[in-house]
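Here the structure comes first, spelled out in structure tokens, and everything after it is commentary.
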Amino acid sequence: MPELPEVETTRRGLLPLVVGRTVSRVLVRVPRLRWPIPADLSALLVGRTIVAIERRAKYLLLQCDTGAIIVHLGMSGHLRLVVAGSRPEKHDHIDLEFTEGNCLRLHDPRRFGAFLWTAADPLHHPLLCNLGPEPLAGGMDGDYLHRRSRGRRGAVKPFIMDQGVVVGVGNIYASEALFRAGIHPAREAGKIGPKRYRRLARAIEEVLEEAIAAGGTTLRDFAHADGKPGYFALQLQVYGRGASPCPVCEQPVGVMRLGGRSTFFCGRCQK
DNA sequence: CAACGGACCTGCCTGC
DNA sequence: TGCAGGCAGGTCCGTT
């Protein structure tokens with residue numbers, strides 16, 4: 001579910017509701033996520049104040065006065081702020097209650113997400129220290145992608161989804177960005193020239209920015225911090241639209257599998 | 001290194 | 001109606 005725009009939407013939604021709050025109680029209903037939730041989470045967090053919420057790649061970093069909570073939403077997770085004491089639903093695994101009365105609740109049916117604590121700089125955490133540049137922070141451009149792609153024999157779509165190359169691009173926005181750039185998703189990454197990579201870098205930035213502006217993409221269960229959906233699904237050009245006409249040339253949108261993931265493209269507009 | 005498949009989970013949809 | 005199979009927004013890990 002969450003790619004960069006959904007995680008960023010979550011961050012922006014939580015920001016005014018959570019920053020400055022102090023944890024009064026921690027409830028863990030199901031401790032088994034991708035990695036076990038720290039057994040002493042309550043002892044680690046009660047009494048701490050959340051001073052900032054940052055995002056690195058698809059990770060949310062809830063910075064405390066000392067240390068940080070590292071959250072990943074996996075495929076099916078979302079964070080919402082609810083009234084403390086409200087009845088949990090199925091798959092509501094963690095509650096962080098605040099002294100002010102509200103409660104930050106993690107919901108994640110598939111449990112591919114993560115909820116970890118680090119006392120050190122979270123950017124040095126093993127999960128975060130090998131990530132590529134942020135696509136919306138100026139560290140990623142066409143020349144960078146071109147350089148990183150040299151010698152890569154695989155398809156360009158898995159290449160831009162490689163979080164060690166550039167972060168935040170998941171399965172939806174990879175198809176969308178390649179469509180916008182006119183590049184076929186199966187084209188060999190190492191054989192694409194600098195000019196086309198410049199176009200691709202621009203397309204990635206535009207698609208992610210527009211998706212953030214729309215509040216992300218809700219296909220099934222993604223929800224904002226207040227429970228509302230994101231509306232970028234309405235602007236998707238090819239993702240999930242197999243066999244319907246290409247919005248540019250009206251040829252049916254094609255579907256193929258790349259790197260084990262469904263991939264949508266127009267065989268006429270993308271070369 | 002790079003590439004690939006399997007693994008981790010639940011829910012939902014399709015087709016028999 | 002029931003059940004099997006396939007698929008879903010991620011990414012780590014082991015094997016080639």
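Chain letters run A, B, ... following the sequence lines, proteins first and then strands; every chain starts at 1.
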At under 4.0 Å, does any side-chain N or O of [X] touch on OP1 or OP2 of [N]?
{"X": "Arg153(A)", "N": "dC1(B)", "value": "no"}
{"X": "Arg257(A)", "N": "dG6(C)", "value": "no"}
{"X": "Arg110(A)", "N": "dG9(C)", "value": "no"}
{"X": "Lys90(A)", "N": "dG11(B)", "value": "yes"}
{"X": "His72(A)", "N": "dT11(C)", "value": "yes"}
{"X": "Ser262(A)", "N": "dA8(C)", "value": "yes"}
{"X": "Arg152(A)", "N": "dA3(B)", "value": "yes"}

[X] near the nucleic acid: base, sugar-phosphate alone, or nothing, with a heavy-atom cut-off under 4.0 Å?
{"X": "Tyr239(A)", "answer": "sugar-phosphate"}
{"X": "Arg34(A)", "answer": "base"}
{"X": "Phe232(A)", "answer": "nothing"}

Does a side chain donor of either Ser175(A) or Thr263(A) reach within less than 3.5 Å of an acceptor in the other side chain?
->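 Side chains of Ser175(A) and Thr263(A): no pair found under 3.5 Å.
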
Let me know the distance between [atom1] of [X] and [atom2] of [N], rounded to the nearest Å.
{"X": "Ile172(A)", "N": "dG10(C)", "atom1": "CD1", "atom2": "P", "result": "7 Å"}
{"X": "Leu219(A)", "N": "dC7(C)", "atom1": "CG", "atom2": "P", "result": "17 Å"}
{"X": "His107(A)", "N": "dG11(B)", "atom1": "NE2", "atom2": "P", "result": "9 Å"}
{"X": "Leu258(A)", "N": "dC4(B)", "atom1": "CG", "atom2": "C1'", "result": "13 Å"}
{"X": "Lys191(A)", "N": "dA2(B)", "atom1": "NZ", "atom2": "P", "result": "18 Å"}
{"X": "Glu188(A)", "N": "dA2(B)", "atom1": "CD", "atom2": "C1'", "result": "12 Å"}
{"X": "Arg261(A)", "N": "dA8(C)", "atom1": "CZ", "atom2": "P", "result": "8 Å"}
{"X": "Phe115(A)", "N": "dG10(C)", "atom1": "CZ", "atom2": "P", "result": "21 Å"}

Salt bridge between [X] and [Y], side-chain N to carboxylate O under 4.0 Å?
{"X": "Arg56(A)", "Y": "Glu134(A)", "value": "yes"}
{"X": "Asp143(A)", "Y": "Arg198(A)", "value": "yes"}
{"X": "Glu89(A)", "Y": "Arg80(A)", "value": "no"}
{"X": "Glu54(A)", "Y": "Arg11(A)", "value": "no"}

If the C1' atom of dG9(C) is compared with that of dA3(B), how far apart are they to the nearest Å?
->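 Between the two C1' atoms, the distance is 23 Å.
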
What interatomic distance, in whole Å, is found between P of dC9(B) and the corresponding atom of dC3(C)?
->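 Each nucleotide's P atom is 24 Å from the other's.
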
In Watson-Crick or G-U wobble terms, both distances under 3.5 Å, what is the partner of dC9(B)?
->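 Across any shown strand, dC9(B) pairs with none.
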
With a centroid cutoff of 5.5 Å and a plane-angle limit of 30°, would you call Phe112(A) stacked on dC8(B)?
->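 Taking the rule of under 5.5 Å and under 30°, the ring of Phe112(A) does stack on dC8(B).
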
Taking only the side-chain heavy atoms of Asn171(A) (C-beta and beyond), determine which of dT10(B), dC12(C), dG10(C) contains the nearest atom.
->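 Looking only at heavy atoms from C-beta outward on Asn171(A), the closest nucleotide is dG10(C).
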
Of all the heavy-atom pairs spanning Ser76(A) and Arg111(A), show the shortest one and how long it is.
->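 Looking at all heavy atoms of both residues, the closest pair is OG-N, 4.3 Å.
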
